[in-house]
Structures are given as C-alpha cells and as structure tokens.
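Take a look at the structure below.
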Amino acid sequence: MPELPEVETVRRTLELAIGNEEIVEVVENYSKIITNDIFEFKKSIQNQKIHRIDRMGKYLIFILDTHTMIIHLRMEGKFFIKTNEPVLKHEHIVFKFKSGRELRYHDVRKFGTITLLPLETYLESYPLNKLALEPKDINIHKFFEVLQKKRIEIKAVLLDQHIVSGLGNIYVDETLFLSKIHPTRLANTISLDEAAKIIKSAIQVLDKATALGGTTIRSYTSSLGVHGRFQNELNVHMRKDLPCPICQTKIIKMKIKGRGTYVCPSCQD
DNA sequence: CCCGTGCCCTGGCGGC
DNA sequence: TGCCGCCAGGGCACGG
C-alpha cells in the first residue's frame, strides 16, 4: 500500500529512469485504470515528452508538454520498465517510448487510477484541488481547529486526504504510537499540544521512511526493483502480539473504519 | 455539512 | 490436494 514514502521513492526512481522519454503510443489492456475517455487520452498523450515527475501526497504527477498525468497507485499499483518482453497478465497499461523502452503499469487489484489533465489547470482540477497539505506543510492551529469540529476517531481523521495528505494505514499507526495517542480517541478531545505532537510525529515517521526507501511488507515483487527498508523500523504496525519496543506490553490489533489497526494499549491512551 | 456503509478487485489463506 | 468463502484496503458514491 504505497503511502507518501513509497510514492516518493517511486517518483525519484522513475524521474531518473524515464525523464526525457517521449511517449509514442499507449496500449491499454484494462482501460478502467484510465479515468479519461480512452480515445481522448490516447490522442492527447501521443508524442508528449516526460519533462519531470512531481508528487503531491500519494499522487504521482508526470509533467508532459501540454498535459499532466496524475497517477494514484492505490493498494498495489507499480511500474516496471521493459524492452521487448511479453506483456504480463497484470500489466494493464503500456506506455511505449520513442527509445523502444516501455513503462508498464502493473496492478493486481486494479484499484489504481491514471488521469490526464491540461497543464494549465491540473492544480485547480479534481483530484488535486481536493487534496490537503502534507504534514510538513500543515499549520498546527488550522489543523487543531479542524480536529475540534470532528466527532470521529483520530485515526479516521489522519487517513482523510482532504485533511492531511500522504499518510495511509501504516504511517498513521506509527504516527499515533510516537504521539502516545490511542487511535480511537475522538478528534475533538485532542488538545492543541497533542495535535502538534501528531504532526511532528508524522513528519518524523515520513522523513525516516522516505530516507529508507519506504516500507516493503509484501515482498513478492517490488516496483522497479526498489526494496524499502522501513519495515525493520516499524514499532506497532503488523506487530500483533509482539512486545512494544518501549514498555514490552503485547501489541494488540483492532479494526477502525474497516482498517487493521495496531496499538500499544499501555503507551497509547 | 457530517458521518457510516458498501463497493471496486484478486491473490492468498484458513477451514474442511 | 482441492475448493469455498473471506480478507486486505484508499477513496468515492450514496444514504440517513
């Protein structure tokens, strides 16, 4: 489940690998990934050069000549670069370059999305126009004001990309552990100091994970040969029944908003 | 507006 | 060994 650190790792790798490539053709084997009309998409993207790859929250943004391609990997989306190899079952979209190389979008669950938007308006268009700032850019006082109006669990708030972007299930669990706050605490009971602690912890977790190339939990394949190393640094996530690194209490697993959630019942309250 | 639920998908796994 | 049914979850549509 790529979150900010994994998406940033993919962004860096892709920019080095395919910056300056020119797209000559797109072949779709499962067109629902592309949210535009497929005919319009193919027409607009033809002969566009990849100038730069940006990222906002969990979205990758390919900067082309006149358009941008906004990509969300959702649960299992990943990219591979290949030349003259048979197309595999889950390689749904193939971008063919002038050089002969191909960028292939691979996604077993088919949850990912690719959207082409004009360069002039993409920031003001859906989906980026709805996206909140990342933890490093969040204003604590504004964040605290939002929390005070929310009568839902703090974990649900941190997963909401319209409130703060970049965090997903893994890094919310880790952020709340560092903050010593229980994920079921209602948002409107969080104090200003605690709100500040949450943002500070989120920045710390995301920075460290990004430096380590993200987290690789499902290791059967990795995008572009990138293996993250943050899984070795996880304090609570995926550690049910293992001892808390601070107090040795057994980590418990619970469900919040349908998400598997890991908590130290002693450190977090 | 606010919040909860169901849906999209398929491989992997537990149970028998 | 094989098959069935359920689980994983980010973000959105929908409904109360």
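Quick note on labels: first sequence line is chain A, next is B, and so on, each numbered from 1.
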Next item on the list: Mind checking which stems touch DNA chain C? I mean at least 3 consecutive Watson-Crick or G-U pairs, both distances under 3.5 Å.
Entry: B:2-16 with C:2-16
Notebook entry, point to check: For A:Y262 and C:dA8, what is the distance between atoms OH and C1' respectively, to the nearest whole Å?
Noted result: 10 Å
Note to self: With a 3.5 Å distance limit and no angle check, can you tell me whether A:H92 reaches the backbone of A:D107 through a side-chain donor-acceptor pair?
What the structure shows: yes
Notebook entry, point to check: Does the side chain to side chain contact (heavy atoms under 4.5 Å, CB included) test come out yes or no for A:R101 and A:I18, once each step is laid out?
Noted result: CA-CA 9 Å; A:R101 297 200 301 163; A:I18 59 166; 3.9 Å; yes
Notebook entry, point to check: When you match A:K149 and A:K89 each to their closest nucleotide on DNA chain B, which lands nearer the 5' end?
Noted result: A:K149
Item checked: Under 4.0 angstrom between A:H72 side-chain N/O and C:dG10 OP1 or OP2 -> no
Margin query: Between the base of C:dG9 and the side chain of A:R109, is one N or O donor paired with an acceptor at under 3.5 angstrom?
Written below: yes
Margin query: I'd like to know whether A:V263 forms a side chain to side chain contact (heavy atoms under 4.5 Å, CB included) with A:V236, so could you lay out the CA-CA distance, the side-chain angles of the two residues, the decisive distance to 0.1 Å, and finally the verdict.
Written below: CA-CA 6 Å; A:V263 190; A:V236 286; over 6 Å; no
Notebook entry, point to check: When A:R11 is tested against each of A:R55, A:E6, A:R52 for side chain to side chain contact (heavy atoms under 4.5 Å, CB included), which residue passes?
Noted result: A:R55
Next item on the list: Go through the side-chain N and O atoms of A:T35 and A:T115 and say whether any donor and acceptor fall under 3.5 Å apart.
Entry: yes
Item checked: A:K200 atom NZ: more than 12 heavy-atom contacts under 6.0 Å -> no
Margin query: From CG of A:L73 over to C1' of C:dG10, roughly how many Å is that when rounded to an integer?
Written below: 11 Å
Checklist line | Donor-acceptor side-chain pairing of A:T66 and A:Q48 below 3.5 angstrom | finding: yes
Notebook entry, point to check: Heavy-atom contacts under 4.0 Å between residues 154-166 of chain A and DNA chain B, which residues?
Noted result: none
Next item on the list: Kindly write out the residues that satisfy ring-ring contact (aromatic ring centres under 6.0 Å, His included) with A:F177, not counting sequence neighbours, or none if the list is empty.
Entry: none
Margin query: Need one value for A:K130: base, sugar-phosphate or nothing, where a base atom within 4.0 Å counts as base even if backbone is also close, heavy atoms only.
Written below: nothing
Checklist line | Between P of B:dG4 and CD1 of A:I152, the distance in whole Å | finding: 6 Å
Notebook entry, point to check: A:K257 side chain N/O closer than 4.0 Å to the phosphate oxygens (OP1, OP2) of C:dG11?
Noted result: no
Next item on the list: I would like to know whether A:I61 and A:L128 meet side chain to side chain contact (heavy atoms under 4.5 Å, CB included); could you show each step before the answer?
Entry: CA-CA 10 Å; A:I61 304 164; A:L128 298 183; 3.7 Å; yes
Notebook entry, point to check: Once you round it to whole Å, what is the distance between P of B:dT10 and CG of A:N29?
Noted result: 14 Å
Margin query: For a quick test of reading the model: is some side-chain N or O of A:K150 closer than 4.0 Å to OP1 or OP2 of B:dC2?
Written below: no
Notebook entry, point to check: Could you give the NZ-to-C1' distance, from A:K255 to C:dC6, as a whole number of Å?
Noted result: 10 Å
Notebook entry, point to check: So, A:Y59 and A:S165: side-chain donor and acceptor under 3.5 Å apart, yes or no?
Noted result: no
Margin query: Taking CG in A:N84 as the centre, count heavy atoms belonging to other residues, nucleotides or ligands within less than 6.0 Å. Is the count above 12?
Written below: no
Next item on the list: Starting at atom CG of A:L60, determine the distance to atom C1' of C:dG10, rounded to an integer number of angstrom.
Entry: 15 Å
Checklist line | For A:F62, ring-ring contact (aromatic ring centres under 6.0 Å, His included) partners two or more places apart | finding: none
Next item on the list: Among the candidates C:dG10, B:dC3, C:dC12, find the nucleotide nearest to the side-chain atoms of A:Y126.
Entry: C:dC12
Notebook entry, point to check: Do any of residues 183-190 of chain A sit with a heavy atom less than 4.0 Å from DNA chain C, and if so which?
Noted result: none
Notebook entry, point to check: So does A:R259 get a side-chain nitrogen or oxygen closer than 4.0 Å to the phosphate oxygens (OP1/OP2) of C:dG10?
Noted result: yes
Check: Side chains of A:D160 and A:H162: is there a donor and an acceptor less than 3.5 Å apart?
Finding: yes
Next item on the list: Please state how far atom CE in A:M75 lies from atom P in B:dC7, giving the value in whole angstrom units.
Entry: 18 Å
Check: Which residue, A:H90, A:E91, A:K96, A:K78, forms the side chain to side chain contact (heavy atoms under 4.5 Å, CB included) with A:R104?
Finding: A:E91
Mind listing the N/O atom pairs, protein and nucleotides 14-16 of chain C, below 3.5 Å?
none

Check: Under 6.0 Å from the NZ atom of A:K82, do we count more than 12 heavy atoms belonging to anything else shown?
Finding: yes
Notebook entry, point to check: In whole angstroms, how far is the C1' atom of C:dG9 from the NZ atom of A:K253?
Noted result: 11 Å
